[in-house]
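Comments concern the structure below.
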Protein chains: 2
Amino acid sequence: MRQDPPPPSPTLEDVARAAGVSRATVSRVVNGVRNVDSAIQEAVRQAITATGYVPNRAARSLVTRRTGSVALVVSGAGDEGAGALGGGGGSGFFPVQVFTDPFFGRVVGGIVGFLRPRGLHPVLMFAETPETRAQVLTALRQGDADGAVLVSTHAEDPLPRLLAEAKLPAVLFARPADPVPISYVDVDHRAGAKLAADHLVARGSKHVVTISGPLDVPASQARLAGFRDAMAAHGHPFVPCAEGGFTYHSGEQAMERLLAEHPGLDGVFVANDLMAQGALLVLRHHGRAVPGDVAVVGFDDSSAATACRPPLTTVRHPVEDMAAEMARLLLEHIEQPGHRPTSIIFDPTLVIRDSS
Amino acid sequence: MRQDPPPPSPTLEDVARAAGVSRATVSRVVNGVRNVDSAIQEAVRQAITATGYVPNRAARSLVTRRTGSVALVVSGAGDEGAGALGGGGGSGFFPVQVFTDPFFGRVVGGIVGFLRPRGLHPVLMFAETPETRAQVLTALRQGDADGAVLVSTHAEDPLPRLLAEAKLPAVLFARPADPVPISYVDVDHRAGAKLAADHLVARGSKHVVTISGPLDVPASQARLAGFRDAMAAHGHPFVPCAEGGFTYHSGEQAMERLLAEHPGLDGVFVANDLMAQGALLVLRHHGRAVPGDVAVVGFDDSSAATACRPPLTTVRHPVEDMAAEMARLLLEHIEQPGHRPTSIIFDPTLVIRDSS
DNA sequence: ATGAAAGCGCTAACAA
DNA sequence: TTGTTAGCGCTTTCAT
């Protein structure tokens, strides 16, 4: 018993024949080019539904020199070398950690939200090693995608520069640590930190501390500096800080340290919600009521913020909007290859819940 | 001032000329076909590096009728209709919730771990509505990908059937609720639940309850049934159950209910780690020591399991291995279009930590 | 406004 | 073992 060969899917030619016109005309209708008689247009449309025609991407791509898809690159995933994939098939290294961070889900949501109405689907790529970075560049060159939106998880990521040098259309989430002529979207971290400072002071906190993100990341620096500046403006020139790594556990550890060194603290600004979640748990362990004894403000307004007990007052990072803008900007760059690097900065807002 | 037209990237023709051979020979070398004189092979390789040649995917695809990429489809994302994307650009609906679940990250990790060494990158697609499902099918038909690995988040997902009817190569994560002639990988849920039951009983729990997943999901049913059967075999024919929704919050709520109805409980099997995390918090609120007063066993061994206090004893769901197998199986289906639907079942293991 | 025809870069018969 | 050649399905001048 042998297999039925799959029926070849209809081509432009088939539609043309069915409609009694030429391939060119069908192509015009499919691509929405005007200058087509409306009666013919109608005939063509009918032929298209009748035949069940769908355009062949490869053929189109070959002549337009556009793939019509974009890469979503997660770079420097932090899990680098953490483990080989066990089990059955061949394996490799893979970055799981990123996904644990609710932040990443929001980025994907924003990108997909923008792309999908346009019939585009992102190609997912990860790059943590020199080889995988090379793989990303090769993939883009050979036409896996027309350009990339890039989310870096650490500061010294060389990929933005590589992308810029290869003149591949790309947009980053967040400003690169080193100056690279490349487009990016970012949030005004300093302004967000100021929002937190103003709120803590207004609530009456007198002994305020902060848990920062990793200080080699520009965003962490900006949040810390912005917070300290704002606190200074309120008459609190010295704000103790413990550095974390944006993870749940690092938030716990940082909070332990701060509590040990500053038992009198009554307010904490934590540079992201995940660490704040950890901090909250530690505060509870130590019998400090939140917000009664200690007021806590997070950053991001991620899903962690509402999963916390108590729900977290936090600075809302408009991640979805930023991600959507990233996609929009990338498409613009793909359209106009000479487009100059552009940066777009979003304003954060304060979301007040129960933790302060 | 006008733009430099981008330099056209080298083609097979260019390489052939540089190496002094024909296109066909270069093609053979590129594709690793034997029957090429090794001296010529070397010459061609040099010409390739010299010219910086990379094969054009579209051209290759057009003739091989293969795209060389696979879709990763998340279907029935649960967030359906949750909200329009705000902000700047056009918007749409998008599924963020999935990403919050550490489970999904592991699936992606497994798939990427398998695909990447083979130079493949998954195309990410979401389908929650009839329109987006149609979009997925269209995308597959027009050659966005050669097939799909599918993760459904709810039971009545119609996509598996649509895929099967369209005869598109596809592999599911988990057995579909309705019988559909389609390949899938799954874990032996009953065996996992038995592991949990045996452990709880061996630890001396006498009043055991369970928090199940949504009972319209086959996996939830199997875990519950397997757990009850095993407990019955240990002489505990009645195990109270509260149904949850696999989310953190639903875990809290279910635990509250169980505590209210069965204050004497001293052991809980929770059908996933995320709910177990919620349950743990509720137990603490009620002053129940874990594992002293109540022993807790989760399911999945997700990152939530180690983020818990205390770290969770849990049934390890070999998600990464399963996801890798899913990718492998899909590639097999793509190779051999007539391949019959296949199911592969993995064995879970018990990971003992501090919660029981 | 429509059609004819020339490729886009590649693979795969088929010839040599 | 290597080369020649014929398309894959589409867009896009260029005629008409």
Side-chain angles (χ1 to χ4, degrees), chain A residues 5-45 47-48 51-69 119 138 141-144 146, chain B residues 5-45 47-48 51-69 119 138-139 141-144 146 335:
Chain A
S9 49
T11 71
L12 264 195
E13 185 74 54
D14 299 322
V15 179
R17 195 163 352 166
V21 298
S22 71
R23 290 204 312 265
T25 299
V26 179
S27 175
R28 288 182 186 112
V29 173
V30 169
N31 295 297
V33 177
R34 56 183 180 290
N35 293 347
V36 177
D37 182 278
S38 57
I40 293 192
Q41 224 169 104
E42 188 46 36
V44 170
R45 283 194 205 299
I48 288 176
T51 53
Y53 170 77
V54 290
N56 178 313
R57 246 182 136 237
R60 177 177 286 177
S61 209
L62 185 55
V63 40
T64 61
R65 337 220 59 169
R66 285 275 162 74
T67 69
S69 65
T138 300
R141 263 197 283 264
Q142 70 185 18
D144 279 35
D146 296 324
Chain B
S9 48
T11 72
L12 264 196
E13 185 74 53
D14 299 323
V15 179
R17 197 165 351 173
V21 297
S22 72
R23 289 203 314 264
T25 299
V26 179
S27 175
R28 290 181 185 112
V29 173
V30 170
N31 295 298
V33 177
R34 55 183 183 291
N35 296 344
V36 177
D37 182 276
S38 58
I40 292 192
Q41 223 168 106
E42 187 47 36
V44 170
R45 283 193 205 299
I48 287 175
T51 52
Y53 170 79
V54 291
N56 178 314
R57 243 177 90 93
R60 175 178 286 177
S61 212
L62 184 55
V63 42
T64 60
R65 337 218 78 211
R66 285 277 163 71
T67 68
S69 64
T138 300
R141 263 197 282 264
Q142 72 186 17
D144 279 34
D146 296 324
E335 288 286 311

- line: Taken to the nearest 0.5 Å, the spacing of A:R57 CZ from B:S61 OG works out to 9.0 Å

query: Would you say the side-chain atoms of B:S9 pair up with the backbone N or O of B:Y53, donor to acceptor, closer than 3.5 Å?
result: no

- prompt: Counting side-chain heavy atoms from CB outward, which of D:dT1, D:dC10, D:dG7 is closest to B:D37?
  reply: D:dT1

- prompt: Counting only side-chain N and O atoms of A:T25, is one of them less than 4.0 Å from OP1 or OP2 of C:dG3?
  reply: yes

- prompt: Does OP1 or OP2 of D:dT1 have a side-chain N or O of B:N35 closer than 4.0 Å?
  reply: yes

message: Show the nearest heavy-atom pair for residues A:R23 and A:L12, with the distance to one decimal.
response: O-CD1, 4.0 Å

task: Go through the N and O atoms of the side chain of B:R65 and the base of D:dG9, and report whether any donor-acceptor pair is under 3.5 Å.
output: no

Selection from D:dT2, C:dT2, C:dA5 that lies nearest to any side-chain heavy atom of B:V36: D:dT2

- prompt: Any idea which of D:dC8, D:dC10, D:dT5 is nearest the A:V63 side chain?
  reply: D:dC10

message: Counting only side-chain heavy atoms from C-beta out, which of D:dT11, C:dC10, C:dG3 sits nearest to A:V21?
response: C:dG3

- line: Looking only at C:dG9, D:dA6, D:dT12, the nucleotide nearest the B:L62 side chain is C:dG9

Side-chain donor/acceptor contact of B:R28 with base of D:dG3 under 3.5 Å: yes

